[in-house]
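Below: the structure, in structure tokens.
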Amino acid sequence: MELDYYKSMKQKHESIIKTIAHIPEGKVASYGQIADLAGLPGRARLVGKVLKETDVVLPWHRILRSSGELAFPRYSEMATKQKRLLEKEGVVVNKTRVRLADFQWQPSMADMIFLLEG
DNA sequence: CATCTGACCTAAT
DNA sequence: GATTAGGCCAGAT
């Protein structure tokens with residue numbers, strides 16, 4: 001895997017976007033998990049930045065903090081929206097948190113291979 | 001060039 | 001659980 005410092009910013013963004021797009025419906029992932037899968041260990045912050053800036057349509061609502069908390073301020077407009085989108089696909093949100101043990105995405109070998117290509 | 005900011009994370013307390 | 005400290009680093013100031 002070609003990772004981190006061998007990648008240009010553009011490549012990093014592409015890896016992150018590709019990874020996020022691969023999160024299945026009804027599952028969630030943390031910023032750090034996405035960074036790891038994208039070959040960018042320790043770059044959780046970059047995932048947030050890309051998500052915030054990109055125009056690409058992505059399942060942004062499936063990204064949570066490592067604690068399972070929604071990524072936005074409690075009861076903010078965005079948090080409410082995220083909660084609604086998650087519940088619509090079967091993810092249980094207690095107040096402002098999801099039980100990762102129940103809904104975190106566990107990438108299959110096929111997922112890993114797909115993410116490694118390109 | 002220096003500092004600050006931030007859809008974050010882990011480890012330690 | 002909560003808090004603190006340190007890590008991360010591109011882009012804005």
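Every chain is numbered from 1 and lettered A, B, ... according to where its sequence line falls, protein lines coming before strand lines. None of these values were measured; they are calculated from a predicted model.
R45(A) has its CZ atom 9 Å from the P atom of dG6(B), to the nearest Å. Rounded to an integer number of Å, the gap from CG of L46(A) to C1' of dT5(B) is 15 Å. Atom pair H13(A):NE2 and dA10(C):C1' shows a separation of 8 Å (rounding to whole Å applied). For the pair Y31(A) OH and dC9(C) P, the computed distance is 19 Å after rounding to whole Å. Regarding E77(A), its CD atom lies at a distance of 16 Å from the P atom of dA7(B), rounded to whole Å. Across the protein-nucleic acid pair, N94(A) atom CG and dG1(C) atom C1' stand 16 Å apart, rounded to whole Å. One can place CZ of F72(A) at 8 Å from P of dC8(B), the figure rounded to the nearest angstrom. Across the protein-nucleic acid pair, K7(A) atom NZ and dC9(C) atom P stand 14 Å apart, rounded to whole Å.
Taking each heavy atom of Q33(A) and W105(A) in turn, the nearest pair found is NE2-O, 2.9 Å.
Distance from the side chain of A44(A) is smallest for dC9(B) among the nucleotides dC9(B), dA7(B), dC8(C). The side chain of L51(A) has dA7(B) as its nearest neighbour among dA10(C), dA7(B), dC9(B). When distances run from any side-chain atom of R97(A) to the nucleotides dA7(B), dG7(C), dG1(C), the shortest one goes to dG1(C). Listed nucleotides: dC9(B), dA7(B), dG6(B). Nearest to the side chain of S30(A): dC9(B).
The aromatic rings of F114(A) and H22(A) lie parallel to each other, with less than 30° between the two planes, well short of the 60° mark.
Comparing the C1' positions of dA7(B) and dA5(C) gives a spacing of 22 Å, expressed to the nearest Å.
No salt bridge links E14(A) with K18(A); every basic N to acidic carboxylate O contact stays at or beyond 4.0 Å. Salt-bridge formation is not detected for the pair K27(A)/E89(A): no Lys NZ or Arg NE/NH1/NH2 atom is positioned less than 4.0 Å from an Asp or Glu carboxylate oxygen.
Within the nucleic acid shown, M9(A) comes within 4.0 Å of sugar-phosphate atoms alone, with no base atom in reach, counting heavy atoms only.
Going from atom CG of L64(A) over to atom CG of L70(A) covers 6.0 Å, rounded to the nearest 0.5 Å.
Between R65(A) and dC8(B), a side-chain N or O to OP1/OP2 separation shorter than 4.0 Å is present. Dashed line: the shortest gap from a side-chain N or O of S66(A) to OP1 or OP2 of dC9(B) is under 4.0 Å.
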